[in-house]
Amino acid sequence: MEEKYNALEIEKNWQDRWSREELFTIKENSDLPKFYCLEMFPYPSGRIHMGHVRNYVIGDVITRYKRMQGFNVMHPMGWDAFGMPAENAAIKHGVHPSKWTFENISYMKEQLKRMGLSYDWNREVTTCTPEYYKWNQWFFLKMYERGLVYRKASSVNWCPSCETVLANEQVIDEGCWRCDNKVVQKELEQWFFKITEYAEELLKDADTLSGWPEKVVTMQRNWIGRSEGVEVDFKIIDSDKKLRIFTTRQDTLYGATFMSIAKGHPLVSELVKDEKTLKAINALSDDPEEKEGVNTGFYAENPLTGDQIPIYAANFVLMEYGTGAVMAVPAHDQRDFEFAKKYALPIKTVIMPAKSVGAPLAGALTTGALTADTLTTGAPAQEEGHPQGEPLQAFEDYGVLVDSSQFSNLSSEEARAKIAVHLENKGMGKKVVNYKLRDWGISRQRYWGTPIPMVYCPSCGIVPVPEDELPVVLPQDAVLTGTGTSPLAEMESFHKTRCPACGGDAKRETDTMDTFVDSSWYFLRYCSPRSDDTPLDTEAVDYWMPVDQYIGGIEHAVLHLLYSRFFTKVIRDIGLVKIDEPFVSLLTQGMVIKDGSKMSKSKGNVVDPDFLIKKYGTDTLRIFCMFAAPPERDLEWSDQGVEGAWRFLNRIWTFIHKNHAVLTKKSINELKGLTGLTTEAAKLLRKTHQTIEKVTNSIERDYHFNTAIAALMELINEILSFKSSGDDSAVLSFSIKHVVLLISPFAPHFAEELWKEMGEEKSILHKEWPAWDEETAKDEEIELVVQINGKLRAKVMVPAGLDDEAIKEKAFSDLKIKEQIEGKQLKKVIVVKSKLVNIVM
RNA sequence: GCCGGAGUGGCGGAAUUGGUAGACGCAAGGGACUUAAAAUCCCUCGGUCAUCUUGGCUGUGCCGGUUCGAGUCCGGCCUUCGGCACCA
């Protein structure tokens with residue numbers, strides 16, 4: 001009864017049956033421990049690509065494995081459905097973003113179903129529906145109440161191509177995260193989320209993310225960018241004003257020889273009245289390579305030395321960080337050094353490398369920074385071509401203070417602490433903590449997003465939309481032309497409204513929210529996706545959260561993952577969840593590569609999953625994706641590799657069909673112990689138990705599915721070469737059934753079909769994950785490696801479990817070893833239990 | 001520049017705590033079956049030398065070290081991929 005493996009038919013049948021029997025529908029009321037497995041939800045761009053396939057198959061394998069392990073597993077899917085491409089499609093093809101989006105969703109949903117992914121579709125969430133985005137608006141209002149939302153005019157990142165604002169996190173290499181076009185700065189008034197309020201906690205709790213890749217945690221820490229220092233006030237000569245600066249290197253305060261302030265600093269316009277100077281300051285270039293400055297003509301007084309030092313407007317000082325002004329210490333800061341060289345400003349050394357202190361020549365350097373020689377040796381010396389004391393670059397390391405009054409001879413570390421205290425005591429400064437993290441600008445001048453629930457009233461000012469008037473519905477009758485301002489701004493029917501406070505004529509906010517707001521809490525919504533009087537049913541959220549395993553691309557290392565952490569903490573403070581962090585474990589899967597670069601439409605190297613599913617079935621595709629590389633690494637696409645996965649499944653298929661009679665004869669679920677078996681059968685049974693162990697450990701340890709599948713291949717190879725020598729049908733049956741069981745998370749339809757054909761009635765989904773028997777898995781004999789001086793010299797088969805003396809004896813009695821050690825003096829013999837003997841001579 | 005990964009056959013990749021380097025798969029070569037092809041099955045497969053079987057040497061980016069023993073640990077480089085980048 002030769003029967004061909006007809007993947008397409010089998011897969012269709014099982015998908016129908018799973019859906020009919022609602023096998024993936026899950027409830028909170030279970031005695032089983034919960035497991036929440038989540039893959040980053042897709043943007044409905046049109047079709048599923050190979051990157052999606054990889055991401056979702058990883059999640060599905062974990063889900064199916066955990067389910068068999070006895071967990072109540074939540075595995076939901078949804079759509080990150082607001083965003084630019086829908087608007088672009090609307091402009092290009094005249095189709096409404098809504099229509100385009102929902103058509104894509106229904107097509108992609110069918111694709112996902114064809115892949116046999118075990119989602120609970122009852123929990124599907126679509127962010128562009130009022131039932132969802134209503135709660136974006138609700139959270140916005142709650143955050144507004146808590147002072148976590150504010151409006152301000154500032155210089156913002158503007159993508160000229162997308163015609164919208166971008167958050168700092170959305171600017172990659174000075175380009176737009178979506179379209180790659182160069183981002184420009186634009187002065188604009190917009191809404192901000194005060195993520196900086198949570199900077200400290202986001203940083204502190206990063207330490208608890210032990211299930212995340214260290215790389216991602218580091219990226220988040222760096223992005224938050226905490227630094228401790230002091231703010232110091234410098235008196236401005238001939239003025240009642242002060243110049244406040246921020247520094248982390250207060251130990252270099254005695255070496256400050258000038259001041260630098262940002263060209264946009266308010267003091268510039270307050271102090272400088274001279275037209276020519278002002279013009280020159282405004283003309284300073286933005287090129288980060290070339291340091292430029294203009295002398296303002298004003299002087300500041302160093303609070304510790306009393307020195308009067310010039311104030312320069314400089315192009316390298318950022319208005320957005322610290323106070324927008326810095327003290328310049330050219331001897332110990334490379335930028336200041338270059339600036340000082342350019343404008344012939346004094347360079348005063350106040351820090352020496354620790355090891356050179358006390359060296360007789362130290363005094364030679366008091367008027368300059370370090371020479372080439374001191375940088376490497378710590379002590380100055382004369383070298384051809386370099387006059388002594390000519391500084392080449394700033395010495396930026398910590399060291400020991402010189403020429404710093406009572407702080408001289410202190411280490412930089414001590415001086416930082418003492419000078420900070422000294423400044424505070426004298427009322428000249430205070431300790432502060434600064435962050436690189438900026439508040440999250442969420443206004444977008446786009447149509448296809450969540451309307452911001454705010455109203456502008458001529459008499460009351462900015463008024464929030466009352467909660468009971470939510471949602472502010474995005475109108476469906478917008479006209480998208482692709483030119484001018486946001487469509488909502490041009491729709492009077494939308495923005496003309498009454499003031500919720502005074503009832504007078506008022507105007508709605510016409511900007512929409514950044515779509516990253518939508519994805520910052522969707523994982524919480526899955527827990528109670530249909531609740532309509534609250535965003536989150538607390539009981540359900542308490543049961544499911546946190547997400548136990550999150551899987552997605554590394555590109556969200558700071559963006560989405562940081563925002564989600566922030567939202568979780570805010571929602572906790574609102575009182576709806578109890579957890580501090582949303583994702584216990586994070587798996588960042590690698591890219592899918594073909595011909596040396598990432599699979600993408602623009603590269604023209606895409607392989608269509610649909611095509612492969614039609615040709616081989618989804619199980620082959622799933623096996624290939626899991627086998628070709630461990631999940632966190634890039635996956636090199638190989639058409640022949642897919643062919644190999646197909647052959648692997650067919651070998652199992654054919655074997656079971658050829659031996660059908662034997663395999664259905666006995667229903668064996670547990671078989672252990674080797675007594676009474678033929679040598680061949682014992683070997684196969686042992687291998688089977690070893691394979692259960694290996695596959696389980698590969699998954700448990702780090703989701704290295706490639707080695708799990710490799711172990712299954714080894715077992716099937718052994719089964720295929722098995723020579724029966726008696727009635728071995730029980731062992732054979734046990735063995736092949738376990739191949740099917742162990743492969744079921746990877747190739748679920750294939751496993752279901754064979755499971756049924758081997759006489760099992762219940763779905764393999766109900767079968768628990770098999771356990772191995774330690775005793776049976778133990779090798780009877782081991783291959784003892786015999787080394788002489790660490791070099792492999794012989795291999796001897798010996799019974800397992802021998803003691804050191806017996807092992808030594810076996811090693812020494814090998815003929816080849818005897819020959820080589822004859823007449824030589826032994827130094828020592830090292831025995832590694834049940835592995836090797838090393839004879840040292 | 002700073003921070004963090006990664007370098008293993010022709011290729012994708014294996015190798016729990018230092019203990020047989022190259023599992024498993026792909027490609028390649030040879031053979032069987034076939035009128036032929038596909039499919040399938042069997043054999044070979046890091047390099048090199050040899051008395052081409054059961055052997056010797058060599059080999060995990062490079063140089064050095066620790067150790068009886070290093071892909072794995074330490075020091076110094078090289079290459080490469082990410083992230084941040086005037087952050088004071």
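Here the structure is a predicted model, which means the values were calculated and not measured. Reminder, nothing fancy here: chain letters follow the sequence lines and each chain counts from 1. What you see below is based on every heavy atom in this structure, not just the backbone, and it leaves out hydrogens, waters and symmetry mates.
Distance CE (A/Met713) to P (B/G13): 15 Å, rounded to an integer number of Å. Spacing between atom NZ of A/Lys598 and atom P of B/G82 amounts to 11 Å, rounded to whole angstrom units. Distance, A/Asp251 CG to B/A88 P: 13 Å, rounded to whole Å. A/Ile716 has its CD1 atom 15 Å from the P atom of B/U40, to the nearest Å. The separation between A/Asp639 atom CG and B/G12 atom P is 16 Å, rounded to whole Å. We find that CG of A/Asn222 is positioned 14 Å from P of B/C2, with the value rounded to whole Å.
Across all strands, A/Ser227 comes closer than 4.0 Å only to sugar-phosphate atoms, never to a base (heavy-atom distances). Within 4.0 Å (heavy atoms only), A/Val326 reaches at least one base atom of the nucleic acid. Nucleic acid contact for A/Gly225: none, since no nucleic acid atom lies under 4.0 Å from a heavy atom of the residue. At the heavy-atom level, A/Arg651 lies under 4.0 Å from the strands shown only through sugar-phosphate atoms. Within 4.0 Å (heavy atoms only), A/Asp634 reaches sugar-phosphate atoms of the nucleic acid but no base atom. Residue contacts shown for A/Asn717 are limited to sugar-phosphate atoms, with no base heavy atom under 4.0 Å away. Using a 4.0 Å heavy-atom cutoff across all strands shown, A/Val329 reaches no nucleic acid atom at all.
For the salt bridge (charged side-chain N to carboxylate O under 4.0 Å, His left out) condition, the pairs that include at least one residue of residues 316-334 of chain A, sequence neighbours left out, are A/Asp333-A/Arg335. Sorted by first and then second residue, the salt bridge (charged side-chain N to carboxylate O under 4.0 Å, His left out) pairs with a member in residues 795-808 of chain A read A/Asp804-A/Lys833, A/Glu805-A/Lys808; sequence neighbours excluded. Contacts classified as salt bridge (charged side-chain N to carboxylate O under 4.0 Å, His left out) and involving residues 218-228 of chain A (residues at least two apart or in different chains) are given here: A/Glu200-A/Arg226, A/Asp207-A/Arg221, A/Glu214-A/Arg221, A/Arg226-A/Glu228.
Spacing of P atoms, B/G46 relative to B/A38, comes out at 26 Å, to the nearest Å. Taking atom C1' on both nucleotides, B/A14 is separated from B/U72 by 14 Å, rounded to a whole Å.
Comparing B/G12, B/A27, B/A88 against the side chain of A/Thr248 picks out B/A88 as the nearest. Comparing B/A88, B/C57, B/G83 by their closest approach to the side chain of A/Arg793 singles out B/C57. Out of B/G83, B/C24, B/C87, the shortest distance to the side chain of A/Met219 is found at B/G83.
B/G9 takes the syn form, because its glycosidic angle lies no more than 90° either side of 0. Glycosidic conformation of B/C78 is anti; the angle lies outside 90° of 0.
A stem is defined here as three or more consecutive Watson-Crick or G-U pairs, each with both distances under 3.5 Å; for RNA chain B these stems are B:1-7 with B:78-84, B:10-12 with B:24-26, B:28-32 with B:40-44, B:46-49 with B:55-58, B:61-65 with B:73-77.
In this view, A/Trp653 and A/Tyr5, A/His657 satisfy the ring pair (Phe, Tyr, Trp, His ring centres under 6.0 Å) rule, not counting sequence neighbours. The ring pair (Phe, Tyr, Trp, His ring centres under 6.0 Å) search around A/Trp440 returns A/Phe193, A/Tyr563, not counting sequence neighbours. Every side chain to side chain contact (heavy atoms under 4.5 Å, CB included) that A/Val326 has, sequence neighbours left out, goes to A/Ser260, A/Val317. In this view, A/His265 satisfies the ring pair (Phe, Tyr, Trp, His ring centres under 6.0 Å) rule with no residue, not counting sequence neighbours.
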Enumerate all atom pairs, one protein N or O and one N or O from nucleotides 14-21 of chain B, separated by less than 3.5 Å.
from, atom 1, to, atom 2, distance (Å)
B/A14, OP1, A/Asn706, ND2, 3.2
B/A14, OP2, A/Arg633, NH2, 3.1
B/U16, O2, A/Arg701, NE, 3.1
B/U16, O2, A/Arg701, NH2, 3.4
B/G19, N2, A/Gln787, OE1, 3.4
B/G19, N2, A/Asn838, ND2, 3.4
B/U20, O2, A/Lys795, NZ, 2.9
B/U20, N3, A/Glu783, OE1, 2.9
B/U20, O4, A/Glu783, OE1, 3.3

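Nucleotides of RNA chain B nearest to A/Lys291 and A/Val840 differ in position, and the one nearer the 5' end is that of A/Val840. Annotation: of the two residues near RNA chain B, A/Leu635 and A/Asn434, the 5′-most nearest-nucleotide partner is A/Leu635.
Between A/Glu555 and A/Trp177, the side chains place no donor N or O within less than 3.5 Å of an acceptor N or O (distance only, hydrogens not considered).
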ring-ring contact (aromatic ring centres under 6.0 Å, His included) assessment of A/Phe258 paired with A/Tyr343: CA-CA 11 Å; A/Phe258 62 100; A/Tyr343 297 103; 8.7 Å; no
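Not one side-chain nitrogen or oxygen of A/Arg647 sits closer than 4.0 Å to the OP1 or OP2 atom of B/A39.
Using a 4.0 Å cut-off between charged side-chain N and carboxylate O, A/Glu396 and A/Arg249 make no salt bridge.
Taking the six-membered ring for Trp and the full ring otherwise, A/Tyr312 and A/Phe339 have centroids separated by under 6.0 Å.
For B/C84, its base never sits under 3.5 Å from the side chain of A/Lys436 at any donor and acceptor pair.
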